[in-house]
Amino acid sequence: DVKVTQSSRYLVKRTGEKVFLECVQDMDHENMFWYRQDPGLGLRLIYFSYDVKMKEKGDIPEGYSVSREKKERFSLILESASTNQTSMYLCASSFGSRGGGASNQPQHFGDGTRLSIL
Amino acid sequence: AQSVTQPDIHITVSEGASLELRCNYSYGATPYLFWYVQSPGQGLQLLLKYFSGDTLVQGIKGFEAEFKRSQSSFNLRKPSVHWSDAAEYFCAVGVGWGKLQFGAGTQVVVTP
């Protein structure tokens, strides 16, 4: 089975702190994704990566950055945490799609990190 | 632009009754469609997926979904709901670069 592991289930930080959320997958997937999930808004894509050192902005990248130095690891960084970044953060991975077209590969999700910014 | 609509934010169903969750999508080409379930405090688990072929797709946990191109729908069904089916359900369509466009989700409550 695919395993996507997020480093923390719960995290509490203070405004202005730099926050790192880590995600590791063990299936040699090319694609990795970071979402935030808020009640009534579903999942919103923050950033994704389709290869090592490659990153693309999703729908809501403001206030976030990412790092992918190794294929199995994808980090989400909150440069200066703010209270409106309190949320559930979900990491996912999938096999790559050829040529960038729509993919029939499902995404596999970690259990999420519930982040509170005080 | 691609979009996914789940018209029902919240559904309450009695244990043992049937369940149908609606999903409508907007996508130019033949869509790749997925249903996921999220139990409280957990990540999303894939229930089933549709790529092509038979429009009735079987998934895990006794769920099935039917793709109807003419109605741009991909509704999820279960004949008899168990208390453990209480969760949030998300419909999604595959878009470029392996991304998924998710609906806002439907919260299912199961009563005794």
Side-chain angles (χ1 to χ4, degrees), chain A residues 1-6 8-10 23 25 29-51 54-61 74 88-114, chain B residues 1-10 21 23-53 57 59-60 63 65 67 74 87-107:
Chain A
D1 275 358
V2 176
K3 185 72 173 176
V4 179
T5 303
Q6 294 185 230
S8 304
R9 291 297 303 275
Y10 301 93
C23 175
Q25 51 94 4
H29 284 164
E30 291 83 7
N31 296 337
M32 296 190 75
F33 307 85
W34 275 107
Y35 296 90
R36 64 175 283 174
Q37 182 180 18
D38 300 288
L41 297 178
L43 278 73
R44 292 181 292 168
L45 182 64
I46 304 172
Y47 267 96
F48 69 102
S49 168
Y50 54 87
D51 202 351
M54 304 300 288
K55 58 185 179 183
E56 295 289 338
K57 293 179 180 179
D59 300 318
I60 52 164
F74 193 36
M88 169 74 100
Y89 289 87
L90 292 167
C91 175
S93 69
S94 71
F95 286 114
S97 57
R98 297 175 184 171
S103 173
N104 62 7
Q105 295 296 324
Q107 292 181 11
H108 301 267
F109 285 80
D111 284 338
T113 296
R114 188 163 293 283
Chain B
Q2 305 91 348
S3 67
V4 179
T5 302
Q6 294 181 246
D8 304 304
I9 296 171
H10 188 273
L21 303 182
C23 173
N24 294 98
Y25 66 90
S26 171
Y27 190 69
T30 300
Y32 300 126
L33 296 161
F34 306 84
W35 274 101
Y36 284 86
V37 61
Q38 184 180 33
S39 298
Q42 303 295 317
L44 275 69
Q45 181 183 19
L46 180 70
L47 282 175
L48 48 78
K49 56 192 177 185
Y50 170 79
F51 302 150
S52 63
V57 180
I60 63 171
F63 284 92
F67 170 64
F74 188 55
E88 191 159 20
Y89 293 79
F90 292 93
C91 181
V93 62
V95 296
W97 294 105
K99 295 185 290 181
L100 295 178
Q101 184 73 46
F102 285 89
T106 298
Q107 186 72 46

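Quick note on labels: first sequence line is chain A, next is B, and so on, each numbered from 1.
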(message) Is there a side chain to side chain contact (heavy atoms under 4.5 Å, CB included) between A:Gln25 and A:His108? Walk through the geometry before answering.
(response) CA-CA 9 Å; A:Gln25 51 94 4; A:His108 301 267; over 6 Å; no
Heavy atoms of other groups near B:Ile60 CD1, more than 12 under 6.0 Å: yes
Applying a strict 4.5 Å limit to non-hydrogen atoms, the region of A:Glu56 in contact with chain B is neither
Given the options B:Phe34, B:Trp35, B:Tyr36, B:Tyr89, B:Phe63 meets ring pair (Phe, Tyr, Trp, His ring centres under 6.0 Å) only with B:Tyr89
If one checks every heavy atom of B:Gln107 against chain A at 4.5 Å, the contacting part turns out to be neither
Exactly one of A:Phe95, A:Phe48, A:Phe109 clears ring pair (Phe, Tyr, Trp, His ring centres under 6.0 Å) with A:His29, and that residue is A:Phe95
Among A:Arg9, A:Arg44, A:Gln37, the residue with the most heavy-atom pairs under 4.5 Å to chain B is A:Gln37
Answer key: most heavy-atom pairs under 4.5 Å with chain A among B:Gln6, B:Gln38, B:Gln45 is B:Gln38
Applying a strict 4.5 Å limit to non-hydrogen atoms, the region of B:Tyr50 in contact with chain A is neither
Honestly, the part of B:Leu44 sitting under 4.5 Å from a heavy atom of chain A is both
>> Using the rule given for side chain to side chain contact (heavy atoms under 4.5 Å, CB included), can you reason through B:Phe74 versus B:Leu48, listing the C-alpha separation, both sets of side-chain angles and the distance that settles it, and then say yes or no?
In response: CA-CA 11 Å; B:Phe74 188 55; B:Leu48 48 78; 3.6 Å; yes
